[in-house]
Amino acid sequence: MNKKILIIPGDGIGQEVTTWGKKVLEVIAEKNNLQFDFQEGIMGHVAIVATGDPLPDETLEKAKNSDAILFGAIGHAKYDNDPNAKVRPEQGLLKIRKELGLYANLRPILLFDELLAASSIKPEVLKGTDILFFRELTGDVYFGEKNRSEDGNFASDLMNYNRYEVERIAHKAYQAAQNRNKRLCSVDKANVLETSRLWREVVQEVAKQYPEVQTEHMFIDNAAMQLIRDPRRFDVVLTANLFGDILTDEASQIAGSMGMLASASVGDGTGFFEPIHGSAHDIAGQDKANPLASILSAALLLEISFGLKEQGAEVTKAVDTALKRGYRTIDIASSDTAKDKILGTTAMGELIVEILKEN
Ligand code: NAD
């Protein structure tokens, strides 16, 4: 197997954690006699500084010519408090998603038993939770027309969806549900929003093609509540861009930390793999970031883009082994964690590489 992988570290802790996602891919290639050719691209604040563009053409070209992309995070404090900045890091991310046609964002909520105590939710409510989110990624208010009146006192964002946009992600979610526990919950706000009424109508139509999957429709407000009340009731959750953005961050607390969750964005071409967290300026450059979400993103890349399910599972198992041996980064440590088992970014990355090389 010969594959081209583009690494886009981005900003802040993106730089630190992606080093380890890439390293893990190198180890897997070496162990399995695979040829992975790595290239690097810039995006976000670093790209604005270097070129004035958050997604330079050169990075986009490399992305289009790759078989898969491993991304870190983008963002810089200077834009967070300046809503009027015209050129912004996140424009790069939105553009690459659109250009690569990455319409489905998959977020597995993978719960490692050792981290049950790290969540703010009671262990007995959490144990056994296994959810796969499908968040639509290229439509909704994020891409609809935006307006601000001349006097600055009125603003609007257009929420819109086309039938085909709902259909294609619904099929992906149903296909996944068929291979899991055969339950799909579609989340919308169909009692209020016309886009949600279209969403529900299309999902009901697509559902007919997957009779073995049990479908449930739930309003977003109820879903947000059920997710922490009884997360085990969910198997596959399918939802639109804005609702998915919020719901998946809420779900990240089930797994204990943003630093543990990976995601895959897919469409009909190159897949894009990234931790769900941002560039975390508060801890950037301090060797405190948890690299496990990036490492688990590399595992998803192996499984989804290259069909290397065994190798992906091996990476996930290495993470589990590190946790079972008691090692933690600071974000997932508890009061019971021994001081010498609390590792920085580099030490945790090195440990995972060591465990992978043990087998
Ligand atoms: P964030 O995810 O960067 O951080 C939220 C909190 O979680 C922080 O306290 C941070 O220290 C902690 N955290 C995040 N990842 C961690 C890790 N791997 N290990 C340990 N702790 C971790 O979100 P934010 O603070 O809202 O945003 C910071 C910047 O990131 C902003 O500029 C925002 O625009 C950007 N952002 C980018 C993305 C992306 O690139 N996909 C996503 C979200 C936010």
Side-chain angles (χ1 to χ4, degrees), residues 7-21 41-49 54-55 59 69-83 85 87-98 100 102 105-107 115 118-120 135 137-138 142 241-242 244-253 255-265 272-298 300 319 322-323 327-334 337 342-349 352:
I7 306 287
I8 307 180
D11 303 317
I13 64 164
Q15 300 275 346
E16 298 163 62
V17 299
T18 312
T19 302
W20 295 102
I42 54 171
M43 189 165 90
H45 172 67
V46 284
I48 297 174
V49 171
L55 177 64
T59 304
I69 300 161
L70 184 69
F71 166 64
I74 43 102
H76 190 279
K78 75 180 254 200
Y79 308 93
D80 294 349
N81 298 320
D82 179 10
V87 182
R88 314 181 59 84
E90 59 271 22
Q91 290 163 346
L93 191 53
L94 294 180
K95 186 172 171 194
I96 204 167
R97 286 175 179 164
K98 199 80 180 170
L100 296 177
L102 303 170
N105 183 236
L106 281 68
R107 289 195 189 180
L115 295 185
S119 173
S120 46
R135 166 190 170 196
L137 209 57
T138 52
Y142 293 74
N241 204 346
L242 178 63
D245 193 355
I246 300 164
L247 221 47
T248 50
D249 264 23
E250 183 189 346
S252 73
Q253 278 316 296
S257 166
M258 308 272 278
M260 291 302 298
L261 289 181
S263 82
S265 300
F272 189 86
F273 299 84
E274 58 177 309
I276 76 156
H277 60 73
S279 51
H281 333 297
D282 52 339
I283 55 167
Q286 300 171 38
D287 196 41
K288 281 187 183 160
N290 184 345
L292 297 178
S294 178
I295 288 169
L296 293 169
S297 301
L300 280 183
V319 170
L323 297 174
Y327 291 103
R328 302 284 188 271
T329 41
I330 189 81
D331 57 311
I332 50 172
S334 67
T337 313
I342 299 180
L343 306 181
T345 313
T346 306
M348 181 57 97
I352 301 296

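Numbering of ligands and ligand atoms starts at 1, following listing order. Keep in mind that the numbers below use all heavy atoms, side chains included, and drop hydrogens, waters and symmetry copies.
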>> Counting non-hydrogen protein atoms only, what is the nearest one to atom 28 (C) of ligand 1? Give residue, atom name and distance.
In response: H281 NE2, 3.7 Å
> With a 4.5 Å limit on heavy-atom distance, are the side chains of I48 and K78 in contact?
Replying inline: no
> Which residue owns the protein heavy atom closest to atom 30 (O) of ligand 1, what's the atom, and how far is it?
Replying inline: S279 N, 3.0 Å
> Does T248 reach the side chain of L261, with side-chain heavy atoms less than 4.5 Å apart?
Replying inline: no
> Is atom 6 (C) of ligand 1 less than 4.0 angstrom from at least one protein heavy atom?
Replying inline: no
> Considering only heavy atoms, which of A73, S263, G278, A284 lies nearest to atom 42 (C) of ligand 1?
Replying inline: G278
>> Do Q15 and T19 have side chains that approach each other closer than 4.5 Å (heavy atoms only, starting at C-beta)?
In response: no
> Which is closest to atom 19 (N) of ligand 1 in terms of heavy atoms, I330, N290, D249?
Replying inline: N290
> Which part of M258 is near ligand 1, with near meaning a heavy atom under 4.0 Å away: side chain, backbone, both or neither?
Replying inline: side chain
>> Does any part of the side chain of I74, heavy atoms only, come nearer than 4.5 Å to the side chain of I8, both counted from C-beta?
In response: no
>> For atom 20 (C) of ligand 1, which of the options I332, T329, D331 provides the nearest non-hydrogen atom?
In response: D331
> Side chains of I69 and E274: does their closest heavy-atom pair fall under 4.5 Å?
Replying inline: no
> Can you find a heavy atom in the side chain of T329 that is under 4.5 Å from one in the side chain of T345?
Replying inline: no
>> Going by the closest heavy atom to atom 3 (O) of ligand 1, which one wins out of G44, A280, A289?
In response: A280
> Which residue holds the protein heavy atom closest to atom 41 (N) of ligand 1, what is that atom called, and what is the gap in Å?
Replying inline: E274 OE1, 3.4 Å
> How about T18 and F71: do any of their side-chain heavy atoms sit closer than 4.5 Å?
Replying inline: no
>> If you define the side chain from C-beta out and look only at heavy atoms, does anything of L106 sit under 4.5 Å from L300?
In response: no
> Which of the listed options, N81, D282, D80, L292, holds the heavy atom that is closest to atom 31 (C) of ligand 1?
Replying inline: D80
>> Is the contact between V17 and ligand 1 made by the side chain, the backbone, both, or neither, using heavy atoms and a 4.0 Å cut-off?
In response: neither
> With a 4.0 Å cut-off, strictly under, does atom 25 (O) of ligand 1 pick up any protein heavy atom?
Replying inline: no
>> Is the contact between E90 and ligand 1 made by the side chain, the backbone, both, or neither, using heavy atoms and a 4.0 Å cut-off?
In response: neither
>> Quick check: closest heavy atoms across A284 and S279, and the distance to 0.1 Å?
In response: CB-O, 4.3 Å
> What are the two closest heavy atoms between S294 and V17, and how far apart are they?
Replying inline: OG-O, 3.2 Å
>> Under 4.0 Å from atom 10 (C) of ligand 1, can you find at least one protein heavy atom?
In response: yes
> Heavy atoms of the protein only: does one fall short of 4.0 Å from atom 15 (N) of ligand 1?
Replying inline: yes
> Identify the closest protein heavy atom to atom 21 (N) of ligand 1: which residue and atom is it, and at what distance?
Replying inline: I283 CD1, 3.6 Å
>> For H76 and H281, take the angle between the two ring planes, folded into 0 to 90°, and tell me which bin it lands in: parallel under 30, tilted 30 to 60, perpendicular over 60.
In response: tilted
> ligand 1 and I74, any nitrogen or oxygen pair closer than 3.5 angstrom?
Replying inline: yes
